[in-house]
Amino acid sequence: SKNAARLTRINNVKGQGAVTGPAPSCSWPLPWYTYPGDAYLRMARQNREPEFTFKRRILPTKGKSDIWQYYQLVQEVTDGLLVVRSESEVAELAAISLAVENENDLELDDEDALISAGLAKHIPLTWLDEMPVEAWAKQIATQVDLGHDGLMQLRQRYVDICKNFLTYGMVFFHATKADS
């Protein structure tokens, strides 16, 4: 965390050491470069009892994903945490999440139905800046084919697409089951 403090230029805080950041005074998310032990030690030196809340999920690396992993990935895609590089992947992911939300009872060929069903909330904001929602609806209606998959298959397809992204796994801890 010393190097990170230098990089973020928070090493000149009055009353603090030369290469440490400011001490936390309220709840705050730990950056990726911070070790929980360092935060614990700093709070213990302040005579405060630290309380950690871990918001990462432990997921098995094998087998099918659960519904909560799907919902977390949908949120990460729409928030921009998972970087989607191609328009075709954005369109496919948006179509899948929209179909799952509507329980696969939506005509993907009807552009107006896609827009009125809330297509805009299934596309990352960075991609909405590049193309209007009408253009996304047209691309989904003409190029995306989800076939006759059920809801479970669509959710698994969404997860499988997301697993290929470079930033996938940055908010998950992967674990394997040991034989007991």
Side-chain angles (χ1 to χ4, degrees), residues 4 8 24 26-34 36 51-177:
T8 56
C26 63
S27 298
W28 60 291
L30 291 177
W32 61 269
Y33 53 79
T34 304
E51 183 175 315
F52 291 103
T53 303
F54 291 95
K55 294 187 176 185
R56 293 184 177 182
R57 297 190 60 221
I58 298 175
L59 298 171
T61 56
K62 295 180 181 176
K64 294 185 178 183
S65 64
D66 64 357
I67 194 168
W68 299 113
Q69 181 181 11
Y70 163 76
Y71 285 123
Q72 184 167 353
L73 288 172
V74 168
Q75 188 65 45
E76 289 175 7
V77 167
T78 56
D79 288 347
L81 295 175
L82 278 178
V83 180
V84 185
R85 293 186 171 202
S86 72
E87 288 180 8
S88 62
E89 287 177 331
V90 172
E92 185 174 3
L93 291 173
I96 292 171
S97 61
L98 193 60
V100 169
E101 183 179 275
N102 290 287
E103 296 184 1
N104 215 3
D105 191 32
L106 181 68
E107 289 294 325
L108 294 179
D109 298 340
D110 186 3
E111 296 175 28
D112 294 329
L114 290 171
I115 294 170
S116 64
L119 175 62
K121 70 179 180 180
H122 295 275
I123 299 171
L125 292 176
T126 53
W127 284 96
L128 272 178
D129 292 341
E130 293 190 21
M131 278 185 3
V133 70
E134 294 82 11
W136 285 109
K138 183 175 183 175
Q139 182 171 353
I140 289 172
T142 59
Q143 297 177 7
V144 176
D145 180 25
L146 298 182
H148 299 290
D149 290 343
L151 293 178
M152 197 161 69
Q153 289 88 2
L154 288 173
R155 285 193 296 262
Q156 186 62 45
R157 182 173 169 181
Y158 193 97
V159 171
D160 291 340
I161 293 169
C162 290
K163 283 182 179 180
N164 294 322
F165 297 152
L166 294 174
T167 54
Y168 175 79
M170 296 191 69
V171 293
F172 293 125
F173 288 114
H174 292 286
T176 57
K177 285 186 177 180

Quick one: closest heavy-atom pair of [X] and [Y], and the distance?
| X | Y | result |
| --- | --- | --- |
| L73 | C162 | CD1-CB, 4.0 Å |
| L128 | A120 | CD1-O, 3.4 Å |
| A94 | I123 | CB-CG1, 3.9 Å |
| L114 | A137 | CD1-O, 3.6 Å |
| A117 | E101 | O-OE2, 3.9 Å |

Considering residues, nucleotides and ligands other than [X], do more than 12 of their heavy atoms fall under 6.0 Å from its [atom1]?
| X | atom1 | answer |
| --- | --- | --- |
| E130 | CD | yes |
| D79 | CG | yes |
| L125 | CG | no |

For this session: Applying side chain to side chain contact (heavy atoms under 4.5 Å, CB included), run through I115 and E134 and close with a yes or a no.
Result: CA-CA 7 Å; I115 294 170; E134 294 82 11; 3.9 Å; yes

Problem set entry | Close side-chain approach of I140 and Q143, heavy atoms under 4.5 Å |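 They are not in contact (no side-chain heavy atoms under 4.5 Å apart), so the answer is no.
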
Problem set entry | Side-chain heavy-atom pair R155, V159 within 4.5 angstrom cut-off |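 When only atoms from C-beta onward are counted, V159 and R155 do not touch, as no gap falls below 4.5 Å.
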
When rounded to the nearest 0.5 angstrom, what is the spacing between [atom1] in [X] and [atom2] in [Y]?
| X | Y | atom1 | atom2 | answer |
| --- | --- | --- | --- | --- |
| Q153 | D160 | CD | CG | 11.5 Å |
| D129 | M131 | CG | CE | 12.0 Å |
| Q72 | W68 | CD | CH2 | 11.0 Å |
| L151 | N102 | CG | CG | 10.0 Å |

List the atom pairs, with distances to 0.1 Å, where a side-chain N or O of residues 83-93 and a protein N or O form a donor-acceptor pair under 3.5 Å, not counting sequence neighbours.
| residue | atom | partner | partner atom | Å |
| --- | --- | --- | --- | --- |
| S86 | OG | S88 | OG | 3.3 |
| S86 | OG | E89 | N | 3.2 |
| S86 | OG | E89 | OE1 | 3.4 |
| E92 | OE2 | R157 | NE | 2.9 |
| E92 | OE2 | R157 | NH2 | 2.7 |

Exercise. Ring pair (Phe, Tyr, Trp, His ring centres under 6.0 Å): which pairs involve residues 139-164, sequence neighbours left out?
Worked result: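 Qualifying pairs, neighbours excluded: Y70-Y158.
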
Exercise. Which residue, L98, V100, L108, forms the side-chain contact (heavy atoms from CB on, under 4.5 Å) with L146?
Worked result: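 Running side-chain contact (heavy atoms from CB on, under 4.5 Å) over L98, V100, L108 with L146 returns exactly one hit, L108.
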
For this session: Show your working on side chain to side chain contact (heavy atoms under 4.5 Å, CB included) between Q75 and T78 and close with a plain yes or no.
Result: CA-CA 5 Å; Q75 188 65 45; T78 56; 4.1 Å; yes

